[in-house]
Structure formats: structure tokens, C-alpha cells
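For reference, the structure is listed below as C-alpha cells.
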Amino acid sequence: MSSSSRVCQPQTFGLPWPDLNDGLFYNDVVRASDSELTLIEFYSSKYKNSAPLQGWLQRIRSGQITVDREVVRDPDTILRVGSKLTYHRLPWREPDAPYLLEVLYEDDDMIALNKPSGLQVLPQGLFQQRTVLTQLLWRATQKISHLSCQQPHPVPVHRLGRGTSGILLCAKTKHAKTQLAAYFADGTSNIGDGSIHSNADVEPRTERKISKIYRALVTGIVCEDKVIVKQPIGMVRYPGVAKGLYVASPTGKPALSKVEVLEREIHKNQTLVQVEIQSGRPHQIRIHLSYIGHPLLGDPLYVPGGQPKCSDFDLVDESFADDGGFRRPTNPVPGDCGYNLHAHQVTLSHPASNEVIKVIAPLPPILRKQQETEQLTRGKPEQQETEQLTRGKPEQLTHLHY
């Protein structure tokens, strides 16, 4: 990897979202076990999380489903083995989302992006087009038009919550994807059990290939300077989340977060913290901070104890929207934004060269320490600290930044 490929100048990319997406097509082939079912029985049982019974009836009667390429509007049509079914989800306007992405680092194997809050990483739910993955595909398509050979577009190797900003790692080759995915998996597999340890340190069982540090603003004053949270994370049924909601659970999977206080703002009753995670459970930081009694400031979902605000897990709204699907839940869901969580630093072994590199995403103003804000005011940005560390051990660390 050449030195010129290590550090990139600030650059952004992204195309504005169209008013409507392209819709979606879902294909099925009728199996022997599904033969003799009616069309409505097939869809209302196989895809009951997509729409209630009345919603599927509407979709069928509006001509959105074909059997062997023929539109079928009779919900009582009997299905035969081998028939090909297609459900066309009509184009819709997805909720507002930012589209510009900042490149923090890029070479032939990987790219590190600064993801804005409010942008989803992968398609899910209402967001099927307005995602990081789509912008990466569009960027690759633009580049291909200038090249003679086609190359695969980068893909994210981990996720950040829609409301979380900061560093997102993407692989540009199959080897890089495999290596980076293994780094994340190894960190998660090396966690033991437990709950909370104050003023303590926890060393990983093996040498880690990746380290992630976040900034967060939490409610209340965290008394201990350092807190180790080893609370398992499990899943419960939750209205509006088809696969279930992740919460603090004694029967869940092990997870580890190291919380360090950076500043206490007594007059605002809030604390600025740094969180290093070794495992990568979904919504881990939000759950762990709320578990110790300090939810993220503005988090619409989790409350102290690592549980959701809505306690009626079995309540399901059977009414349906214009497209036949379930209405958007009135209770908070994981994709709701409003909190302040930022993936600030990632240190990793390069997937091809094994060189240790460190990527830094600029901090949002609300997540800066007072000293950092004063340095920026005086014209001494975080970049100076970065350059000092680079000069300190150039053979061991390549510092990458905006």
C-alpha cells in the first residue's frame, strides 16, 4: 500500500435522493408443502410481519401479485407446486435522510466513511433506497463509466444505528470483507459473562485486530470515572419490530463496554463519556448506558435498566397503511433518532498489509470537550494532535483523518 493511498484529502460524495424509490419485487416458488394453499393463505401466513390479513387482501385485489406472470386478483386462487409468485411493492417516498458521505480513508482494499446521523446503512423497513449501500453503489457506477473494467462496489462490514454518526468501515474486495468481518466477530467471541465493574479494567483474552471508541452524551451525572459494563443483551417481542427488540437480558449474549467520563456538566445534569466496545451487539452502547442508569441524552427508546419505554410488548396495531403494510408504530423503534452517539476512532490491522492504522471522524460540536472547543476556537484543531501521534511512532501507527 503506497503512502499516497494512506491519507486522503477531505472529500464527500453522494447524489440527492429521488422523490420516489423504485419499489421492490419479492419472488417465491410454491413448494410442495405450500401447494393447495390459497393465495391469501400463502401470503398472510408466510409474510405476516409484512402486512395484516386485510392488507394482503388489498394488495391482491389491487393487482400487485402475479402467478406465473399473470396478475391474479382472486385471493382464493389455489396454488400449485412450482408456480412462480411475484409481489410488487409499489414505489413510495421514503422518510427524509441525508445523502452526503465524507471519505475519511480509502485505498484499494477498504474505505472508511463518516456517516451522518439519520442515514441508514443497509436496506430495512421504510428505508430501501436511502441508505449508505445505495450511495456506494451509485458512486461505483459513476466510476465504472470512466473505466474499461467493471469492479464490485464497496460494502459495509458492520452497522451503525441510523441515529449514530461516525466511522463506518466498508470492504472493496472479498478478502478485505472476510478479514474485517472476522475482526468484529473475534472481538465479540472473546467476552465472558458478568454485569458491572467500577474502577476496573478488562483485558481481552487475545490480541485484538480492531478497537472502536465512541463519544456519547448521557443523562445524569456518572459518578465513577470508569465503569466496565458486562451486561448480556437479548431479544424480546416488541410492536413494530418484526424480529424483536434488543434489550438488557440476563439470558442474552455476553457484551462488554468500557465507559470513561470525559466531562461532567452539573448544571445541565449530563455527562460526556467515551465508550470503547469489544463486542458488537446491536444497540449495545445505548443499552449498556441505559442499563447503568444513564441513557443517551435524547434517546427516544431506551430508559434506565436497558429496557424500552414501551412495556406492552404484545400490543400490535392491526390497521394498515395505504400500501397494505402495517402502519408506522406509534411507540419508539430502534431507528428513531434524537440521541448523540458518534463512532469517533477506529484502530485496526489493515486487512491486506496488517499495518496498524487509526481512523478519526471529526466530532460534532455537542460531543466535544470544552478544551477541544477552545482549541478549535484558537485555530488548533484535532488534526494537530493527530499529526503529533503520527510523528511519535511512524513505524507502528498511521494516523488517518479528515
Side-chain angles (χ1 to χ4, degrees), residues 6-8 10-15 17 97-125 127-140 152-174 176-185 187-188 208-216 274-286 296 334-335 337 339-351 357-364 367 399-402:
R6 293 175 180 172
V7 180
C8 61
Q11 59 173 296
T12 60
F13 69 91
L15 297 175
W17 306 116
Y99 64 89
L100 288 176
L101 290 158
E102 181 183 12
V103 178
L104 299 172
Y105 171 79
E106 183 173 18
D107 61 25
D108 293 338
D109 300 284
M110 58 177 283
I111 178 173
L113 303 174
N114 187 10
K115 185 189 84 70
S117 173
L119 179 60
Q120 190 150 301
V121 174
L122 299 176
Q124 186 176 359
F127 294 93
Q128 293 294 323
Q129 184 180 64
R130 299 185 179 190
T131 66
V132 173
L133 185 64
T134 299
Q135 291 292 351
L136 287 171
L137 173 60
W138 289 350
R139 180 177 187 249
H153 67 87
V155 293
V157 294
H158 65 111
R159 296 196 189 195
L160 294 179
R162 190 165 74 88
T164 304
S165 58
I167 301 169
L168 178 70
L169 298 179
C170 305
K172 299 174 70 173
T173 66
K174 290 184 178 179
K177 181 180 179 181
T178 300
Q179 290 293 99
L180 292 173
Y183 294 171
F184 286 102
T188 299
R208 296 170 60 190
K209 292 287 190 178
I210 191 165
S211 173
K212 297 172 287 181
I213 296 177
Y214 290 71
R215 283 283 182 96
Q274 172 178 293
V275 184
E276 181 179 0
I277 61 173
Q278 180 171 340
S279 54
R281 306 298 179 196
H283 316 303
Q284 176 176 320
I285 294 178
R286 298 171 68 184
L296 291 175
C337 304
Y339 55 88
N340 296 286
L341 179 61
H342 183 71
H344 181 40
Q345 298 180 25
V346 172
T347 303
L348 72 154
S349 296
H350 190 275
I357 61 176
K358 185 174 184 178
V359 184
I360 297 178
L363 289 165
L367 294 178
H399 235 86
L400 308 163
H401 51 85
Y402 29 92

Between Glu102 and Lys115, is a salt bridge (charged side-chain N to carboxylate O under 4.0 Å, His left out) present by the stated rule, with each step listed? CA-CA 7 Å; Glu102 181 183 12; Lys115 185 189 84 70; over 6 Å; no
Point-to-point distance, once rounded to the nearest 0.5 Å, from [atom1] of [X] to [atom2] of [Y]:
{"X": "His344", "Y": "Asn114", "atom1": "NE2", "atom2": "CG", "answer": "10.5 Å"}
{"X": "Tyr214", "Y": "Leu367", "atom1": "OH", "atom2": "CG", "answer": "13.0 Å"}
{"X": "Cys170", "Y": "Asp109", "atom1": "SG", "atom2": "CG", "answer": "13.5 Å"}
{"X": "Trp17", "Y": "Thr134", "atom1": "CH2", "atom2": "OG1", "answer": "5.5 Å"}

Test item: [X] and [Y] side chains (from C-beta on) under 4.5 Å apart, heavy atoms:
{"X": "Trp138", "Y": "Leu133", "answer": "no"}
{"X": "Leu168", "Y": "Val132", "answer": "yes"}
{"X": "Thr347", "Y": "Ile210", "answer": "no"}
{"X": "Ile277", "Y": "Ile285", "answer": "yes"}
{"X": "Leu160", "Y": "Leu341", "answer": "no"}
{"X": "Leu104", "Y": "Ile167", "answer": "yes"}
{"X": "Met110", "Y": "Leu348", "answer": "yes"}
{"X": "Leu136", "Y": "Phe13", "answer": "yes"}

Applying ring-ring contact (aromatic ring centres under 6.0 Å, His included), name anything that partners His283, two or more places apart in sequence or on another chain. none
Assess whether a salt bridge exists between Arg139 and Glu106, defined as any Lys/Arg side-chain N lying under 4.0 Å from an Asp/Glu carboxylate O. yes
Derivation and outcome, side chain to side chain contact (heavy atoms under 4.5 Å, CB included), residues Gln179 and Val157: CA-CA 10 Å; Gln179 290 293 99; Val157 294; over 6 Å; no
What residues form a side-chain contact (heavy atoms from CB on, under 4.5 Å) with [X], not counting sequence neighbours?
{"X": "Gln274", "answer": "Ile213, Glu260, Leu262"}
{"X": "Leu137", "answer": "Thr141, His153"}
{"X": "Thr178", "answer": "none"}

Donor on one side chain, acceptor on other, Gln345 and Lys358, under 3.5 Å: yes
Between the main-chain N or O of Leu15 and the side-chain N or O of Gln135, is there a donor-acceptor pair closer than 3.5 Å? yes
Could you tell me whether a side-chain N or O of Arg159 sits under 3.5 Å from a main-chain N or O of Pro282, the two making a donor and an acceptor? no
Test side chain to side chain donor-acceptor pair (under 3.5 Å) applied to Tyr339 - qualifying residues, sequence neighbours left out: Thr164
For residues Lys212 and Ser279, report the shortest heavy-atom separation together with the two atoms involved. NZ-O, 4.3 Å
On a heavy-atom basis, which atom in His342 and which in Ala361 lie closest, and how many Å separate them? NE2-O, 3.3 Å
Which donor-acceptor pairs under 3.5 Å do the side chains of residues 116-124 make with protein atoms, sequence neighbours left out?
| from | atom 1 | to | atom 2 | distance (Å) |
| --- | --- | --- | --- | --- |
| Ser117 | OG | Gly163 | O | 2.9 |
| Gln120 | NE2 | Leu122 | O | 3.0 |
| Gln120 | NE2 | Gln124 | O | 3.1 |

Classify the angle between the aromatic ring planes of Phe184 and His158 as parallel (below 30°), tilted (30 to 60°) or perpendicular (above 60°). parallel
Counting only heavy atoms from other residues, nucleotides and ligands, does the tally under 6.0 Å from NZ of Lys172 exceed 12? yes
